[in-house]
Amino acid sequence: MINIPANAKWKQNGVTIAGGHGQGGATNQINEPYGLFVDDDQTVIIADTSNHRIMQWKNGNTTNGQVVAGGKGKGNGLHQLAFPTDVLIDKETDSLIICDYGNRRVVRWSRSSGTTQGEILIDYIWCWGLTMDEQRYLYISDEEKHEVGRYQLGENNSTLVAGDNRKGNGLNQLNYPTYLFVDRDHSVYVSDERNHRVMKWVEGAEEGIVVAGGQGEGNALTQLYYPQGIFVDTLGTLYVADEGNNRVMRWTLGDKKQGTVIVGGNGPGKGVNQFKVPIGLSFDRYGNLYVVDQNNHRVQRFSIE
C-alpha cells in the first residue's frame with residue numbers, strides 16, 4: 001500500500017501519459033479505456049476496452065504503447081479479448097490477469113516476450129473489476145450476480161465476500177459492483193455503481209459499511225454519481241473516480257459524511273484540468289495520481305505537490 005500524506009495536494013493540470021491522439025487503434029491511441037494498473041517502475045497497463053486489447057505504456061515513452069494481450073480483433077479465441085475492463089500484474093508469475101468481460105471469463109497472459117495467447121482462469125463470470133491481496137487471492141466483482149467473490153488461483157469456485165446475489169441497496173446488497181480494492185486487513189472496498197456509493201466489507205462481515213456517497217446520485221460533496229475506480233492508502237483514505245461528476249474525490253476515515261474534490265470537477269471537457277468520464281484510478285509509489293479519462297481516450301497523470 002502507498003503512503004500519501006493526509007494533507008497532500010495534486011497539481012490541477014494533468015499530463016497525458018497514454019493516448020490523447022483521438023479514438024483509434026494505432027499504438028499511440030486508446031479507445032474507450034476502462035481499468036489500469038501502475039507498476040513499481042511507473043509502467044502503466046491499460047484495459048484498452050474498445051480495441052479489445054491490453055496496452056503497456058512505459059514511463060517516459062508517452063508517444064507509443066505496446067500491445068501486451070489481445071489486439072487480434074474482438075473474439076473468444078485464446079489469442080483474443082472482448083471488451084476487457086480491468087487488469088493487474090501478478091508479480092509471482094510475471095503475468096497479467098484480465099477481466100475479459102465480453103467473454104465472461106478471467107484470463108492470464110504471461111508477460112514474457114513472444115506470448116501470443118492467454119489461458120482461462122475462471123469461466124462463466126460477468127467479471128468487471130479485480131484485485132489481489134498479498135496472499136494472492138483474487139477478488140472479482142460479478143455484475144450479473146451483484147456480488148464480489150474471492151478466488152484461490154487455479155480454482156473456479158469462490159467465497160462470497162460482498163453482496164448476497166440479489167440486486168438491491170441494503171447494507172448486505174450491491175447494485176452493479178464495478179471496481180475493487182483490498183487492504184492489508186483483507187477488507188474489500190467496492191464501487192457500488194448504481195447505488196452511488198462505495199462500500200467497505202470487513203473480512204467475514206455479513207454487511208458492508210458505506211464509506212463514501214450513499215446519499216443518492218448528485219454532485220454535492222456528500223454524493224457520488226456512478227463511482228468507478230477506487231484506491232485506499234495506508235491511512236485508510238479512500239480515493240474515488242466519480243464518473244458522472246467528472247472529478248476525483250478523497251474521503252478520509254474521520255469524515256465519512258462528505259469528501260473533497262482533489263482533481264477535476266470543472267465540468268466535462270478535454271482541458272488539462274477536465275475529464276470526460278473518469279473510470280480507472282491508481283497511484284504510483286510516489287503518490288502521483290493516474291486517471292483513465294475514458295471519453296477523451298487518454299490516461300492523465302496528476303503530480304503530487
Side-chain angles (χ1 to χ4, degrees), residues 34-35 47 49 82-88 97-107 120-133 137-152 155-183 186-218 223-232 238 240-245 251 256 277-281 292 294:
Y34 274 80
T49 304
F83 300 108
T85 49
D86 206 6
V87 59
L88 61 79
I97 298 178
I98 303 161
C99 269
D100 190 9
Y101 179 78
N103 285 321
R104 296 189 60 186
R105 65 190 185 187
V106 177
V107 294
I120 298 170
L121 290 180
I122 301 160
D123 228 335
Y124 310 112
I125 180 172
W126 284 112
C127 162
W128 192 271
L130 79 171
T131 189
M132 188 185 263
D133 66 22
Y137 282 98
L138 265 183
Y139 298 75
I140 300 171
S141 60
D142 186 327
E143 282 226 310
E144 183 182 46
K145 293 182 175 172
H146 305 283
E147 65 185 32
V148 179
R150 184 179 67 217
Y151 293 77
Q152 196 158 6
E155 294 188 6
N156 214 35
N157 51 349
S158 66
T159 303
L160 184 71
V161 292
D164 71 348
N165 201 354
R166 290 172 303 156
K167 178 167 76 170
N169 62 5
L171 290 177
N172 63 338
Q173 294 177 307
L174 299 166
N175 188 354
Y176 286 94
T178 55
Y179 292 98
L180 305 173
F181 189 92
V182 62
D183 69 15
H186 305 130
S187 293
V188 182
Y189 294 77
V190 187
S191 259
D192 189 7
E193 184 193 81
R194 309 262 170 107
N195 284 325
H196 311 289
R197 66 188 185 183
V198 177
M199 301 295 288
K200 175 183 179 179
W201 290 65
V202 176
E203 186 175 22
E206 304 269 311
E207 291 188 343
I209 306 156
V210 180
V211 288
Q215 306 291 322
E217 66 184 60
Q223 294 175 304
L224 295 167
Y225 190 8
Y226 295 125
Q228 296 292 345
I230 50 179
F231 190 93
V232 180
L238 169 72
V240 187
D242 187 9
E243 176 199 319
N245 289 317
W251 298 67
K256 294 200 181 98
V277 188
I279 302 270
L281 174 144
V292 171
Q294 185 186 70

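Every value quoted in this text rests on a predicted model; they were computed, and no experiment measured them. What you see below is based on every heavy atom in this structure, not just the backbone, and it leaves out hydrogens, waters and symmetry mates. We number each residue from 1, following the sequence as shown.
Under a 3.5 Å cut-off, the side chain of Asp100 and the backbone N or O of Ala82 do form a donor-acceptor pair. Distance alone, capped at 3.5 Å, places no donor-acceptor pair between the Ser158 side chain and the Arg150 backbone. With hydrogens and angles disregarded, a donor-acceptor distance shorter than 3.5 Å links the side chain of His146 to the backbone of Tyr176. Side chain of Gln215 to main chain of Gln223: no donor-acceptor pair is present (N/O by atom type, distance under 3.5 Å, no hydrogens or angles). The backbone N or O of Gly218 lies less than 3.5 Å from a partner atom in the side chain of Asn245, making a donor-acceptor pair.
Between atom CZ of residue Arg104 and atom CG of residue Asp142 there is a gap of 8.0 Å, rounded to the nearest 0.5 Å. Separating the CG atom in Leu180 from the OG atom in Ser141 is a distance of 4.5 Å, to the nearest 0.5 Å. Atoms CD and CD1, from Gln294 and Ile279 in turn, are 4.5 Å apart once rounded to the nearest 0.5 Å. Of the inter-residue distances, the one linking Leu130 atom CG with Leu138 atom CG reads 6.0 Å to the nearest 0.5 angstrom. Atoms CD1 and CG, from Ile98 and Asn103 in turn, are 11.0 Å apart once rounded to the nearest 0.5 Å. Distance check: Arg194 CZ to Asn175 CG gives 7.0 Å after rounding to the nearest 0.5 Å.
With respect to Asp192, the salt bridge (Lys or Arg N to Asp or Glu O under 4.0 Å) criterion is satisfied by exactly one of Arg197, Lys200, Lys167: Arg197.
Across all their heavy atoms, Glu143 and Thr178 have their closest contact at OE2-CG2, 3.7 Å. When all heavy atoms are compared, the tightest approach of Gln228 to Glu243 is NE2-OE1, 2.7 Å. Contact record, Asp123 with Asn156: N-OD1, 3.4 Å, taken as the closest heavy-atom pair. Of all non-hydrogen atoms in Gly213 and Val210, the two that sit nearest each other are O-CG1, 3.5 Å. Nearest heavy atom pair, residue Gly208 against residue Met199, reads C-CE, 3.6 Å. The minimum heavy-atom distance linking Val240 with Trp251 is given by the pair CG2-CD1, 4.2 Å.
Between Tyr179 and Asp86, the side chains place no donor N or O within less than 3.5 Å of an acceptor N or O (distance only, hydrogens not considered).
Counting heavy atoms from C-beta on, the side chains of Tyr189 and Val211 come closer than 4.5 Å. With contacts defined as side-chain heavy-atom distances shorter than 4.5 Å, the pair Val188/Thr131 does not qualify.
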Any chance you could lay out the side-chain contact (heavy atoms from CB on, under 4.5 Å) test for Tyr151 and Ile125, step after step, and finish with the verdict?
CA-CA 12 Å; Tyr151 293 77; Ile125 180 172; 3.3 Å; yes
Between Trp126 and Tyr101, does the side-chain contact (heavy atoms from CB on, under 4.5 Å) criterion hold? Intermediate values first, please.
CA-CA 6 Å; Trp126 284 112; Tyr101 179 78; 3.8 Å; yes
So His186 and Tyr139, side-chain contact (heavy atoms from CB on, under 4.5 Å) or not? Walk me through it.
CA-CA 10 Å; His186 305 130; Tyr139 298 75; 4.1 Å; yes
Report the C-alpha distance between Asn172 and Arg166 in whole Å, list the side-chain angles of each, state the deciding distance to 0.1 Å, and finish with yes or no for side-chain contact (heavy atoms from CB on, under 4.5 Å).
CA-CA 9 Å; Asn172 63 338; Arg166 290 172 303 156; 4.3 Å; yes
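For Tyr34 and Trp128, the gap between ring centers is short of 6.0 Å.
By the 6.0 Å contact criterion, CD on Glu155 is enclosed, its count of non-hydrogen atoms from other residues, nucleotides or ligands being greater than 12.
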